[in-house]
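Only one structure is covered here, and it is reproduced in the block below.
Computed over heavy atoms, backbone and side chain alike; hydrogens, waters and symmetry mates excluded.
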Amino acid sequence: MKFMKLGSRPDTFYTTEAVRSVSTEVSSDLIIQVKGYRYLLHKYPLLSKCLRLQRLCSESPNSSPQQIIQLPDFPGGVEAFETCAKFCYGITITVSAFNIVSIRCAAEYLQMTEEVEKGNLIYKLEVFFNSCILRGWKDSILALQSTKFLILWCEDLGITGRCVDAVASKVLSNPTKVNLSHSYSRGGRDDTSLCNGAESHKHNRPVTRGWWAEDLAELGIDLYWRTMVAIKSGGKVPANLIGDALKIYASRWLPNVSKDGYINKQEAADPDSGSVDGITSKHRFLLESIISLLPMEKGSASCSFLLKLLKAANILGASSASKTELARRVGFQLEEASVSDLLIPSLSHTKGTRYDVDIVMTILEHFMLQGQSPPTSPPRSKFGFERRRSRSAENVDFEFQEGRRSSSASHGSKLRVAKLIDRYLQEIARDVNLPLSKMTAIAEAIPDFARIDHDDLYKAIDIYLKSHPDLNKSERKRLCRILDCKKLSMDACMHAAQNELLPLRVVVQVLFFEQARAAMAGGQVTELPSNIKALLANHEFNLSKHKAVSSGGTGATEDEWSVSGLKSPKSKLSTLRMKLAEEDNDIDVNFMNPDGTMKNSKFKAICSMPTRPKKMFSKLWSSNRTVSERH
């Protein structure tokens with residue numbers, strides 16, 4: 001750290017009953033009052049360097065031997081005034097990054113300019129400030145931090161702007177590897193300028209990439225915002241480094257948020273804020289400032305960090321524009337998120353749900369609006385397939401492969417998001433206050449091709465049915481409408497076939513599809529009954545596809561279905577028979593035309609089942625057991 005010493009005389013100031021005096025043989029003829037303190041001084045040394053004191057003395061009456069001058073609004077307080085007074089007496093003073101800002105403002109107040117005396121205090125301070133303080137990394141930051149106590153004065157004198165520009169220029173000089181005073185801020189040797197950064201790197205441990213963000217994180221939000229805007233406007237710092245810097249700053253100043261959405265009060269405590277409302281308002285302003293600094297580039301900030309900001313925005317009551325902006329950014333990289341990240345607490349008393357499902361739906365909509373599509377051949381436009389004379393056939397083929405590779409990445413992101421959303425549904429399905437409409441809206445937002453299997457979706461439906469036992473028949477049918485039985489694994493089918501909470505139609509579909517899959521895979525049946533064929537044709541069931549899948553075996557999924565705890569399939573026949581009878585009672589309402597004919601070919605296939613279902617379902621289950629034993 002740089003410092004400057006001015007004057008050569010020893011310090012002769014002393015205190016007597018809250019009165020500061022100078023030890024000298026000449027009696028005092030000037031009394032100056034600053035912030036409740038009284039200084040017994042002399043006119044000649046002070047008035048010879050302070051133009052303001054000359055004017056005040058000339059304007060006030062001089063009837064008493066000691067003239068009294070009051071300086072109630074003196075910038076920098078008594079310490080800055082005493083430093084200026086010592087300079088006038090020739091007493092040694094030390095100027096550094098810690099006190100130069102306050103001394104500079106005090107000297108400006110006293111008008112210690114060159115008009116009064118050559119080589120006055122303002123001139124000396126400006127030379128030291130520009131040649132030493134602004135050239136050092138840590139000194140620039142310390143000086144910038146001290147401007148918050150004299151905001152208006154520093155703005156008028158240009159101190160704040162010069163400090164901001166100095167800090168930004170050092171970061172922009174080599175944004176990915178800036179060797180400044182990193183060792184100083186970590187307790188090592190101080191490197192105060194860029195010129196000796198390379199030399200310091202030889203003697204100290206390697207500098208962390210982007211470490212400058214840790215030093216900037218000590219700034220208040222106003223100064224930090226101005227500095228980051230200056231750094232971003234330079235256009236040399238990569239967007240990911242800006243995002244990392246914002247993450248460091250947010251972790252430094254934003255309070256931790258618990259899983260239930262409560263702020264840690266001890267960490268949120270701020271001596272500058274006298275109430276909880278003051279703390280919340282300050283953190284809300286800080287959060288919205290961070291959001292405004294986020295780079296526009298996709299991936300500049302991690303999805304996890306963006307979702308943490310969104311959680312904080314929900315809790316702190318940030319503006320709807322800030323939350324919408326965060327939701328949009330998260331939607332562009334939703335495939336990077338985890339289920340825990342998406343569990344955003346809902347603190348609204350009107351919604352009643354534990355988690356904010358609406359904001360997740362907004363995120364999902366932004367993700368789907370990206371215009372991604374499954375991997376197909378490149379579009380046959382003139383830009384993609386026009387033969388250029390200066391480009392060889394190999395380059396054209398390379399462009400074609402690159403186009404397919406980028407398209408595959410888009411398709412893969414949708415597959416990952418589909419898996420993510422299905423597991424997210426499993427978590428929110430436990431909420432007894434979650435409406436059915438929101439559950440189905442999120443599930444249906446995923447395109448069909450993105451779900452390779454429906455095991456996770458079925459598990460979410462099963463959890464929702466267990467957590468909402470009061471659902472009527474139509475609501476259960478509406479919920480299960482999003483389930484595709486053809487995409488269930490063997491374990492999921494075995495579980496669904498014995499699930500009493502599912503509508504009968506779903507159970508029957510599961511049994512038919514599983515029987516067809518087992519039969520075609522085992523090679524025991526070459527021709528299926530006509531009623532099963534009709535049902536499979538109605539569902540566009542591809543037997544050859546499922547035969548290939550079944551012959552390849554079913555691998556263990558992350559959440560395997562356990563059927564060991566279920567009762568024997570035979571014990572479910574009476575329950576299934578009762579459901580069949582119950583479903584038959586609804587034929588007139590749901591499946592009959594006015595002329596008495598059936599209007600649903602799928603139900604015709606079901607009704608054409610044998611009159612003794614016990615024997616047929618026993619065969620189905622025995623066949624499933626046989627296939628499962630083989631696998």
Tell me whether [X] is salt-bridged to [Y], with the criterion being a basic N under 4.0 Å from an acidic carboxylate O.
| X | Y | result |
| --- | --- | --- |
| E218 | R252 | yes |
| K438 | D358 | yes |
| E427 | R423 | no |
| D11 | K86 | yes |
| E288 | R284 | no |

Within a reach of under 6.0 Å around [atom1] of [X], are more than 12 heavy atoms found that belong to other residues, nucleotides or ligands?
| X | atom1 | value |
| --- | --- | --- |
| E155 | CD | yes |
| K323 | NZ | yes |
| Y37 | OH | no |
| F13 | CZ | yes |
| E115 | CD | no |

Check: [Y] main-chain N/O paired with [X] side-chain donor or acceptor under 3.5 Å:
| X | Y | result |
| --- | --- | --- |
| N99 | S96 | yes |
| D139 | K2 | yes |
| S48 | Y44 | yes |
| H42 | V26 | yes |
| N314 | P345 | yes |
| S413 | E335 | no |
| W253 | A217 | yes |
| D341 | L307 | no |
| T147 | C154 | no |
| R354 | L343 | no |

Any side-chain heavy-atom pair from [X] and [Y] closer than 4.5 angstrom?
| X | Y | value |
| --- | --- | --- |
| C105 | L157 | yes |
| L30 | C57 | yes |
| L144 | T227 | yes |
| T113 | L121 | no |
| D29 | L41 | no |
| P295 | L246 | yes |
| C132 | M4 | no |
| W212 | V171 | yes |

Before giving the answer on side-chain contact (heavy atoms from CB on, under 4.5 Å), spell out for I242 and S300 the whole-Å C-alpha distance, their side-chain angles and the decisive distance to 0.1 Å. CA-CA 7 Å; I242 298 292; S300 57; over 6 Å; no

Using the side-chain contact (heavy atoms from CB on, under 4.5 Å) rule, take T92 and R9 through it: C-alpha gap first, then chi angles, then the decisive distance, then the call. CA-CA 6 Å; T92 303; R9 294 179 55 187; 5.8 Å; no

S289/S292 under side-chain hydrogen bond (donor to acceptor under 3.5 Å, both in side chains): CA gap, chis, key distance, verdict: CA-CA 5 Å; S289 300; S292 67; 5.2 Å; no

Looking at [atom1] of [X] and [atom2] of [Y], how far apart are the two atoms once the value is rounded to the nearest 0.5 Å?
| X | Y | atom1 | atom2 | answer |
| --- | --- | --- | --- | --- |
| S27 | L40 | OG | CG | 10.5 Å |
| I133 | K138 | CD1 | NZ | 13.0 Å |
| Q70 | L56 | CD | CG | 11.0 Å |
| I221 | M228 | CD1 | CE | 10.0 Å |
| I31 | I69 | CD1 | CD1 | 10.5 Å |
| L53 | L51 | CG | CG | 9.0 Å |

Please report the shortest heavy-atom distance between [X] and [Y], naming the atom on each side.
| X | Y | answer |
| --- | --- | --- |
| G76 | S102 | CA-CB, 4.2 Å |
| K311 | S340 | NZ-O, 3.1 Å |
| D356 | Y424 | O-OH, 4.1 Å |
| V164 | A230 | CG1-CB, 4.0 Å |
| A250 | L309 | CB-CD2, 4.5 Å |
| L342 | I421 | CD1-CD1, 4.5 Å |

Taking it one step at a time, do F3 and V95 satisfy side-chain contact (heavy atoms from CB on, under 4.5 Å)? CA-CA 6 Å; F3 63 91; V95 182; over 6 Å; no

Aromatic ring proximity F367/F332, centre distance under 6.0 Å: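 Not close enough - the centres of the two rings lie 6.0 Å or further apart.
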
Would you say the ring centers of F81 and Y39 fall short of 6.0 Å from each other?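 Centroid distance F81-Y39: below 6.0 Å, so yes.
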
Residue pair S304, S302: steps toward the side-chain hydrogen bond (donor to acceptor under 3.5 Å, both in side chains) verdict: CA-CA 5 Å; S304 176; S302 66; 5.2 Å; no

Is the Lys NZ or Arg CZ of R20 less than 6.0 Å from the centre of Y14's six-membered ring, within 45° of the axis?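 Checked: cation-pi criterion not met.
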
Between the side chains of T94 and K5, does any donor sit under 3.5 Å from an acceptor?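 Judged by distance alone, the side chains do pair up.
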
Would you say the side chains of N130 and R135 form a donor-acceptor pair under 3.5 Å?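 Per modelled atom types, N130 and R135 side chains form no pair under 3.5 Å.
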
Geometric class of the Y224/Y249 ring pair [parallel <30°, tilted 30-60°, perpendicular >60°]: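 The rings of Y249 and Y224 lie parallel, inter-plane angle below 30°.
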
Walk me through it: do E126 and R104 pass the test salt bridge (Lys or Arg N to Asp or Glu O under 4.0 Å)? CA-CA 8 Å; E126 283 292 332; R104 176 65 181 87; 2.7 Å; yes

Applying side-chain hydrogen bond (donor to acceptor under 3.5 Å, both in side chains) to K298 and Q333, what does each step give before you reach the verdict? CA-CA 7 Å; K298 177 182 176 181; Q333 50 195 94; over 6 Å; no

One pair to check against side-chain contact (heavy atoms from CB on, under 4.5 Å): E82 and E79. What are the steps and the verdict? CA-CA 5 Å; E82 188 167 320; E79 294 181 358; 6.0 Å; no

